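Everything numeric here is computed off the predicted structure, so don't read it as measured data.
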Amino acid sequence: MKGAVELRQVSDWSDYVRGRWLRELLDQRRSGEPPSRVLTSPDKHHLLLLWNQPASLPRLVAFHRLGLDGGDLEKTWKPLQPPVVELLFLESPATTVSWVLAIIWEQGRTEVWRFVPTTGWHLLQSLELCHGARARIVSICSLGDQLVWCEERPPFDAQPTPERRAFQYCICVRGLQVGEQGVQLSPLRVILHNSPVYQVLAKPSGVFLVPTPATFPRIAKFVLIWRPEMADIVIAAPHGPCVSIKASHAGSDVDFKKLVLSYVGFLESMKNLAVHSCALSSCGELLLIMQTGTIQGVQPNGVWRPVFDFAGSILSSGDQVQLKVFGDILACLLKETLYLVDLNSRELIENKVLSTERVHFLDSPTIEEIQLLAQDGIYTLDFSDSDQGCQSEPNLVQVVFEEACKYYQRRSLSSSQLTVEKLKKGGMFQAPVALSSILGHSLDPKGKKLMALPESYTKLLGTMQLELQNYQDLEFLKLHVVQASENEVKSYGEALVEQELSRLLHLDLNRENLAYLNVIFTAFPGAFWKAVQNHLQLQENGDGILVARATPDIWKKVLGGAAPSPTKQEESSPNGVFPFFELVCLSLLKFKPKWLPHFVELSQQYLGASWTYKSKEGPEGGVPLYKRALAVLPRCARCPVTDGEMEIELLLCSQRPKAILQAMDLLIQYGRWQHVMETAEKFSLLSPLLNKEIFINLLGEFSRHRALDPYLDKLWDLCPADMSAADVLSIIQQHLASVELNPFPFAQDGSSQLTIALLKPLLYRLAQSETSQNEIFGHVLQVPSFPPPTPPRNHQSLPKADSQEDLTFFQNQT
């Protein structure tokens, strides 16, 4: 639990360029209307203020801190123009600046701005998100490198019915990638059509569609959750079962009317959701402030839970409420009172009345502390620790009951939602009572039983004896770790990781177990590497060659699982779940990078001997192992291998022609010509076709520059036997530099022009080869003189017949 809360000023605008004007803009007596949106850039160097109210002049002003070169961003547009719907900071990892600012107007026009430290703000590109001229964006958010928005598409009827006007919206998705040269948009996809109006909020776990006051009343009774990874849409209501509708195939759109057609009777019995404000927590949970004064949480799987109650305070539509989540703390600014709620225990930390007026939460994806913006500067909240021992026990009891609800809800066959209140009612649920009694008697520190166990508890205790013993051993281990030295703690951690990895290798590595394996890898990288090395028995033999003596079952666990696709890796992100093979590759990169290519070779050998890529037992998706290993290279920032050496080694160890040619292209780019020729001599023996491709590529490089001149003898040896001098000259002609650059037939001083002297040995060899072939087959092609000479006539006597019949037969035959 947090203790007392104090406000501490961290900026008085003196650390900002044009800080005095910033103070004047925030002064209510001069500006008239407060800004409708205040946010900071991901690097915390820029402060953006947006005025978007109908009564004020629409404009956007950006201020930067002292120490940055470049001008501020200031945009003003006419009041009659469509308003700005949202300001989004989008990631651009492929550029020098890691983020850009997207200004999105209601009609779909989008401007992408980039701040360059030396010159200031620059318009990178203007885009049009919507296709139709009458389309209008109501709400928009970002999901990784995709934009998700609710778009209004008015019907063409002159006077549409109220029902048709209520369902004239759709949920659209469009990918947006930022590069150095500009922004690239993917084709527009419609996820949900014929939909009512929704406010969209996105987290990696899913996109929440929240009803607004403008949503059709008979439909504003539930929250929709679109989960792209599972290709389904979840209908989540506070009272009733969660319904998951699976799309026909990934990326297909869903008709909203058909979606709810089967649940009309269920919807009629529900009450409307009177949502006042909403926000997202760091763990992906949706938090809703209801007009009844309660805060409800909606998890990505559709489960609802109560979070907080403002003691019966009724909120009207005119009440200004700001909701923001910082870590595990929910901050709610209601009028002039700041409420701080612990999301784990759902207890009120403190409610503080603020003396300053017009306070705004600073909105930034990288700020983890609560910061408030006022007229005289920026304030942060400091928490002081206090003794909460008297309150810890009830909070822990509540957490235990909530965890029990989640566990037994998964095992229950009933569709009714299990709550803590139902769980606490006597006679309805006895399993937590039995478990707590068993633990209370078994884990008595003095080893004495307080009372005799009932017979049913004794039988259950015998069944759980092994689990309880493991739990008790873990508690003893915790005690020893607290009192142990640093070396002993390290050995304890390695032993625990070894046991956990051994246990997981005997289980089905589903997503939950893989997530736990990823946590172990992140928390204990050194111990994880030692455990992997022991289970795979990775070691070098006497010749320095890596060998692995793992059992087939261990190999199946290591090589099994689907490799994450590029979109999911984005996606996936820093918090993504990696298969076991990728985790082993990351460990090798960190502790033994020179072993990684050999490990991939060993994996390919075992895979080729046991599985096929399309078999049901092998890795899903058929992604080659060397590509899976290449995919983890950018994530290993501490890898000591530079200049693409590891990428080249992984491509070569695959033994695949395309990968070998790709590796040679990288070697050519880095100018490592000796390595190029060694690789060409080694892999040209694999097949005549690969030899020919390698020779043609190197001959083209030889035609363009003189870097391969010291290796011409080796290059000429690679020339295929079926290639003629005309073929060689044709290839060289295609890659020669323009004659206008160097019109002389012989090399001048400092020239890189190809000369006849360099080609003479190869042409001479090809000419000799053609001459020898002509001599071998020349006697076949020689034509005798015409007409041929008359053969000599030899008079031969007829054979003597043994009888008259034989003579007659011989004469008839002749």
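Contacts of Glu111 classified as salt bridge (Lys or Arg N to Asp or Glu O under 4.0 Å), with partners at least two apart in sequence or in another chain: Lys75, Arg109. For Arg174, the salt bridge (Lys or Arg N to Asp or Glu O under 4.0 Å) criterion is met by no residue, not counting sequence neighbours. A search for salt bridge (Lys or Arg N to Asp or Glu O under 4.0 Å) contacts involving Lys257 returns nothing, not counting sequence neighbours. Not a single salt bridge (Lys or Arg N to Asp or Glu O under 4.0 Å) links Lys221 to another residue, sequence neighbours left out. In this structure Ser11 satisfies the side-chain contact (heavy atoms from CB on, under 4.5 Å) test together with Trp13, Asp15, Tyr16, Ile378, sequence neighbours excluded. For the side-chain contact (heavy atoms from CB on, under 4.5 Å) test, residues two or more places apart in sequence or in another chain that qualify with Gln322 are Leu333, His360, Phe361. Not counting sequence neighbours, Trp113 has no partner by the ring-ring contact (aromatic ring centres under 6.0 Å, His included) test. Residues forming a side-chain contact (heavy atoms from CB on, under 4.5 Å) with Thr337 (at least two apart in sequence, or on another chain): Tyr339, Asn351, Val353. Scanning for side-chain contact (heavy atoms from CB on, under 4.5 Å) contacts around Arg8 gives Val10, Thr380, Asp382, with sequence neighbours left out.
The only option from Arg153, His193, Glu152 that meets the side chain to side chain donor-acceptor pair (under 3.5 Å) definition with Gln168 turns out to be Glu152. The side chain to side chain contact (heavy atoms under 4.5 Å, CB included) test with Val183 is passed by exactly one of Val112, Val100, Thr110, Leu90: Val112.
Sorted by first then second residue, the side chain to side chain donor-acceptor pair (under 3.5 Å) pairs that include residues 199-209, not counting sequence neighbours, number zero. Under the ring pair (Phe, Tyr, Trp, His ring centres under 6.0 Å) criterion, the residue pairs touching residues 197-232 are Phe167-Phe216, with sequence neighbours excluded. The salt bridge (charged side-chain N to carboxylate O under 4.0 Å, His left out) pairs that include a residue from residues 277-286 are Glu285-Arg305, where partners are two or more places apart or lie in different chains.
Note on Arg23 versus Asp12: no salt bridge recorded, every NZ/NE/NH1/NH2 to OD/OE distance being 4.0 Å or above.
Here the straight-line distance linking atom CD1 of Ile329 with atom OG of Ser281 works out to 13.0 Å at 0.5 Å rounding.
No more than 12 heavy-atom neighbours from other residues, nucleotides or ligands sit within 6.0 angstrom of CD on Glu91. No more than 12 heavy-atom neighbours from other residues, nucleotides or ligands sit within 6.0 angstrom of CD on Gln184.
Contact of the Ile235 side chain with the Val223 side chain is not registered, since no non-hydrogen atoms from C-beta on lie closer than 4.5 Å.
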Quiz prompt | Candidate pair Val38 and Asp363, rule side chain to side chain contact (heavy atoms under 4.5 Å, CB included), full reasoning | solution = CA-CA 7 Å; Val38 178; Asp363 190 4; over 6 Å; no
Quiz prompt | side chain to side chain contact (heavy atoms under 4.5 Å, CB included) assessment of Ile233 paired with Leu192 | solution = CA-CA 10 Å; Ile233 296 177; Leu192 188 68; 4.3 Å; yes
Exercise. Start with the C-alpha distance between Val178 and Asp145, add both sets of side-chain angles, then the distance that settles side chain to side chain contact (heavy atoms under 4.5 Å, CB included), and finish with yes or no.
Key: CA-CA 9 Å; Val178 183; Asp145 59 351; over 6 Å; no
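Side-chain contact, Glu151 with Trp149: a donor N or O sits under 3.5 Å from an acceptor N or O.
For His46 and Trp99, the gap between ring centers is short of 6.0 Å.
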